[in-house]
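Small disclaimer: the values here were computed from a predicted structure and weren't measured. Reminder, nothing fancy here: chain letters follow the sequence lines and each chain counts from 1.
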2 protein chains.
Amino acid sequence: MKRYSGQTRMLVATDCIIFGFDGQELKLLLIKRGFEPEKNKWSLMGGFVRENEGFETAAARILHSLTGLKDVYMEQLYAFGEPHRDPVERTVSIAYFTLLDIHQSGLQLSNDFHAEWIPLRKLPALIFDHRRMVQTALDRIRYKAAIHPLLFELLPPKFTIPQLQILYEAVYDVIFDKRNFSRKVLSTGLLIKQKDKDKLSSRRGAFYYKLDKRRYNAKFNAFLNFVADPGKL
Amino acid sequence: MKRYSGQTRMLVATDCIIFGFDGQELKLLLIKRGFEPEKNKWSLMGGFVRENEGFETAAARILHSLTGLKDVYMEQLYAFGEPHRDPVERTVSIAYFTLLDIHQSGLQLSNDFHAEWIPLRKLPALIFDHRRMVQTALDRIRYKAAIHPLLFELLPPKFTIPQLQILYEAVYDVIFDKRNFSRKVLSTGLLIKQKDKDKLSSRRGAFYYKLDKRRYNAKFNAFLNFVADPGKL
DNA sequence: GCAAAAGTGTTACTAATACACCCATGG
DNA sequence: CCATGGGTGTATTAGTAACACTTTTGC
């Protein structure tokens, strides 16, 4: 026996929902699709899974081809497989989402895809079911970041607590009390205070912190309560 | 243009991880695989996704063909796609997990698959990567049930608080204090006390409760804290 | 010296834990 | 009348939320 008989074979793709944070708002890395149909329309970065490649490998390859980055936070989001989601032929998509530091030095956008960072609040129309993918990813991030230290993946290695607070406020679209916020994040024991300050956003300057990698890895999956009840989700 | 050129097409399957609870322990519904390779080995119930079928439809069809049930709790678990997970040919699997009341009247196992309810503690060897699927499903259930009222899906419409507690204790393999447990679940406001009692497991009898469907649906996604810190997961 | 952002402490309230006795019933 | 499991209350502790003033420093 060589193959299963009488079954439909389908294209399998992965699409990457790539989030970044510029210090003020959440952004998505989108491309202009390079081939028909829907050529030159805004799209998530994606590609077909190859013959000898797993999903994660494919997603990492696709992310790398656009950004030049490896070792980025990436997580399987959901498998989308409605029969006519791609009008050309049956294509299922295993979507991955990625959080990365938008200002990191290694990030070098390829010219091949006409990629741009687009603020989430100004999302253009996207091809196929990509809008739904983005919404699913956002929901997931809001859910997960309420309990796990996920959003640190969007920040540079050194960051200040006010920066972190702006990030949380952007993700949940609420305002937090800075005393309670600071107490809460420090109480996780994940942050190490640095001796130097960021002087860019205030005269006084705000102390930098770094993640304690050891504890971060150990506690990532514990329930940490960063956000009380995130708008009942 | 009719098709994308130069890409590999693959079989797409769904596998169903079907959980039940017999009042004492968690069980999995497994079948004896009916065709080569690995014929007659223990396997999850699965099947190929058809040409004009989405994943959820396929999973529901497969579940129905085994159990006769529709409208069962079912959730996409994860997409498994390692290149050689099926030795015959490249097959990706979108796994779904299901929670159902093992004693419900509608449940009628098909004879075609030699299915059996197997206690999770006595799992036999499974084909392919099915063991990993089961582990992933268990992890997901333990995670989700700690914060959401998920496990009610395993119980009959009328159940007692001691029954509920036994279920939680089976899932997390710990013992809870019955006073605190009862206060916790009642404080969610999801349970409606009935006037009749279950007299099967004690002379005194335990009051039945039913889910308040309205509040259950409304609060399902809120963070409800059924289990404090589920073993740091 | 003033504008702008950083940093910090206390109190009130709510939730979680630990713990022990009485109740109802069938045999 | 006793064995079995069901049901309940309280005190302590930990966590969360609300709230306002002082510090630093570049201009």
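- A straight line from CG of B:L186 to C1' of C:dA16 spans 16 Å, rounded to a whole angstrom.
- One can place CZ of A:F226 at 14 Å from P of D:dA17, the figure rounded to the nearest angstrom.
- Distance, B:F207 CZ to D:dG6 C1': 10 Å, rounded to whole Å.
- No donor-acceptor distance shorter than 3.5 angstrom exists from the side chain of B:Y209 to the backbone of B:I161, with no hydrogens or angles considered.
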Just the atom pairs and distances: protein N or O near nucleotides 12-15 of chain C's N or O, under 3.5 Å.
none

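- Set against D:dA18, D:dG7, C:dA18, the side chain of B:A206 has D:dG7 as its closest nucleotide.
- Residue pairs meeting the side chain to side chain donor-acceptor pair (under 3.5 Å) criterion with at least one partner in residues 98-121 of chain A, sequence neighbours excluded, are A:R121-A:D173.
- Looking at B:K213, its side chain never comes within 3.5 Å of a backbone N or O of B:N217 through a donor-acceptor pair.
- Annotation: side-chain hydrogen bond (donor to acceptor under 3.5 Å, both in side chains) contacts of A:K210 (sequence neighbours excluded): none.
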Encoded 5' to 3' (Watson-Crick or G-U under 3.5 Å; [ ] crossing; | other strand), DNA chain C becomes |||||||||||||||||||||||||||

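- Residue pairs that meet the side chain to side chain donor-acceptor pair (under 3.5 Å) test with at least one member in residues 179-190 of chain A, sequence neighbours left out, are A:D177-A:R179, A:N180-A:R183.
- Evaluation of the ring pair (Phe, Tyr, Trp, His ring centres under 6.0 Å) test over residues 55-77 of chain A, restricted to residues two or more places apart or in two chains, returns none.
- Residues from residues 162-170 of chain A with heavy atoms under 4.0 angstrom of DNA chain C, sorted by number: A:P162.
- For the pair A:I94 and A:Q76, the minimum side-chain heavy-atom distance is below 4.5 Å.
- A:S201 comes within 4.0 angstrom of the backbone, heavy atoms only, and of no base.
- Atom pair B:F181:CZ and C:dA18:C1' shows a separation of 17 Å (rounding to whole Å applied).
- The nearest whole Å value for the distance from the CG atom in A:D177 to the C1' atom in C:dG9 is 12 Å.
- When the salt bridge (Lys or Arg N to Asp or Glu O under 4.0 Å) test is applied to B:R215, the partners found at least two apart in sequence or on another chain are B:D212.
- Residue A:R179 has its side chain nearest to D:dA20 when only D:dA17, C:dA20, D:dA20 are considered.
- Under 3.5 Å, the side chain of A:R183 and the base of C:dG9 form at least one donor-acceptor pair of N or O atoms.
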Its contact letters, B for base, S for sugar-phosphate only and - for none at protein heavy atoms under 4.0 Å, make nucleotides 21-27 of chain D read --BBBB-

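- Atom-to-atom, NZ of A:K184 to C1' of D:dA17 comes out at 9 Å; the value is rounded to the nearest Å.
- For the pair A:I161 CD1 and C:dT8 C1', the interatomic distance rounds to 12 Å; values are reported in whole Å.
- In this view, A:R204 and A:K197, A:S202 satisfy the side-chain contact (heavy atoms from CB on, under 4.5 Å) rule, not counting sequence neighbours.
- At a threshold of 4.0 Å, the pair A:K158-A:D196 counts as salt-bridged, since one of the basic side-chain nitrogens sits closer than that to a carboxylate oxygen.
- Atom CG of B:N180 is separated from atom P of D:dT8 by 14 Å (rounded to the nearest Å).
- A donor-acceptor pair under 3.5 Å is absent between the side-chain atoms of B:H148 and the main chain of B:L224, judged by distance alone.
- Take B:F226 and apply the ring pair (Phe, Tyr, Trp, His ring centres under 6.0 Å) test, not counting sequence neighbours, and it matches B:Y168.
- Judged by distance alone, with hydrogens and angles left aside, the side-chain atoms of B:R140 form a donor-acceptor pair with the main-chain N or O of B:L77 at under 3.5 Å.
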Report all side-chain donor-acceptor pairs from residues 15-29 of chain A shorter than 3.5 Å, counting only partners two or more places apart or in another chain.
unit_1, atom_1, unit_2, atom_2, d
A:D15, OD2, A:S93, OG, 2.7
A:D22, OD1, A:Q24, N, 2.8
A:D22, OD1, A:E25, N, 2.8
A:D22, OD2, A:K27, NZ, 3.3

